[in-house]
Peer 1: 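Would you mind keeping the following structure in view while I ask a few things?
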Amino acid sequence: MTTSSRPLPATDGLSTKPNPPWPGKACNESRLQWEVEICGEEFKQDMAHINPQHWCNLTHFMSEYHLFTLCTETKSHTVHCYWPNPLVESYIILVHKHFFSNCTMEHVVWVDPPDNTLTILIFIPIFLTMAMITLVVWCSKKSDILD
């Protein structure tokens, strides 16, 4: 049986420590840093064609971002590193800070519902609770009569 067709132990899927894709081959982190920066430069060139006003709308750069993440994954595997890894994640965070730091979600302002709605929402559980208590008492009295 070759190593590629050998079944993995059951505990491998439960491990919290990521395993490199090629056991026995060391991850070349310095080359990975260089390769990931190439991916980042390609992404920067792609984003240069998109109006900066549209950088916060994923629909305008979805394919470019997909290619960027696919590039980082491919380059990681090329240099025998697992993906994602801390080095790639930190680079992706830098890219996010550069392109998407001004993309904030609008602050949601929570408001109370109108008084009529609030009253209904309060009284429905109260009436259901009273109905259930009445039903339990009625059933228990009925079972006492039958016994």
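The figures that follow rest on heavy atoms only: side chains count, while hydrogens, waters and symmetry mates do not.
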Peer 1: Show me, pair by pair, the donor-acceptor contacts under 3.5 angstrom made by side chains of residues 119-127, not counting sequence neighbours?
Peer 2:
residue: Thr119; atom: OG1; partner: Asp115; partner atom: O; Å: 2.8

Peer 1: side-chain contact (heavy atoms from CB on, under 4.5 Å) with Val136: which residues, sequence neighbours excluded?
Peer 2: none
Peer 1: Could you report the tightest heavy-atom contact between Trp83 and Thr72, atom names first, then the distance?
Peer 2: NE1-OG1, 3.1 Å
Peer 1: Check the hydrophobic clustering (I, L, V, M, F, W, Y; side-chain heavy atoms under 4.5 Å; chains of links allowed) and say if Leu67 and Ile38 are grouped together.
Peer 2: no
Peer 1: Let's go through Thr78 and Arg31 carefully: what are the C-alpha distance in whole Å and the side-chain angles of both, what is the deciding distance for side chain to side chain contact (heavy atoms under 4.5 Å, CB included) to 0.1 Å, and is it a yes or a no?
Peer 2: CA-CA 10 Å; Thr78 301; Arg31 182 163 175 224; 4.3 Å; yes
Peer 1: Residues in ring pair (Phe, Tyr, Trp, His ring centres under 6.0 Å) with Phe99, at least two apart?
Peer 2: Phe43, Trp55
Peer 1: Apply side chain to side chain contact (heavy atoms under 4.5 Å, CB included) to residues Met47 and Ile50 and explain how you reach the verdict.
Peer 2: CA-CA 5 Å; Met47 290 297 283; Ile50 297 171; 3.9 Å; yes
Peer 1: For His80 and Ala26, work out which heavy atoms get closest and say how close.
Peer 2: CB-O, 3.9 Å
Peer 1: To check you understand the geometry: which heavy-atom pair defines the closest contact between Val79 and Glu35, and what is its length?
Peer 2: CG1-CG, 4.4 Å
Peer 1: Is the backbone N or O of His98 less than 3.5 Å from a side-chain atom of Ser101, with the two atoms forming a donor-acceptor pair by type?
Peer 2: no
Peer 1: Distance-only criterion, 3.5 Å: show the donor-acceptor pairs between side-chain atoms of residues 58-66 and protein atoms not counting sequence neighbours.
Peer 2:
residue: Thr59; atom: OG1; partner: Asn57; partner atom: OD1; Å: 2.7
residue: His60; atom: NE2; partner: His54; partner atom: ND1; Å: 3.3
residue: Tyr65; atom: OH; partner: His96; partner atom: NE2; Å: 2.6

Peer 1: Is there a side-chain contact between Tyr91 and Leu87 in this structure, where contact means two heavy atoms from C-beta onward sitting under 4.5 Å apart?
Peer 2: no
Peer 1: Distance from Glu41 atom CD to Lys44 atom NZ, nearest 0.5 Å?
Peer 2: 4.5 Å
Peer 1: Got a sec, which residues hit side-chain contact (heavy atoms from CB on, under 4.5 Å) with Leu94, two or more places apart in sequence or on another chain?
Peer 2: none
Peer 1: Drop me the distance from Ser76's OG to Glu29's CD, to the nearest 0.5 angstrom.
Peer 2: 10.5 Å
Peer 1: Mind checking side-chain hydrogen bond (donor to acceptor under 3.5 Å, both in side chains) for Asn28 and listing every partner two or more places apart, or none if nothing turns up?
Peer 2: Ser30
Peer 1: Check Leu32 against Cys81 and note the closest heavy-atom contact, atom names and distance.
Peer 2: CD2-SG, 3.9 Å
Peer 1: Between Cys39 and Lys75, what is the shortest heavy-atom contact and its length?
Peer 2: SG-CG, 3.6 Å
Peer 1: Should Trp34 and Ile92 be regarded as members of a common hydrophobic cluster, given that ILVMFWY residues are connected when their side-chain heavy atoms come within less than 4.5 Å of each other, either directly or indirectly?
Peer 2: no
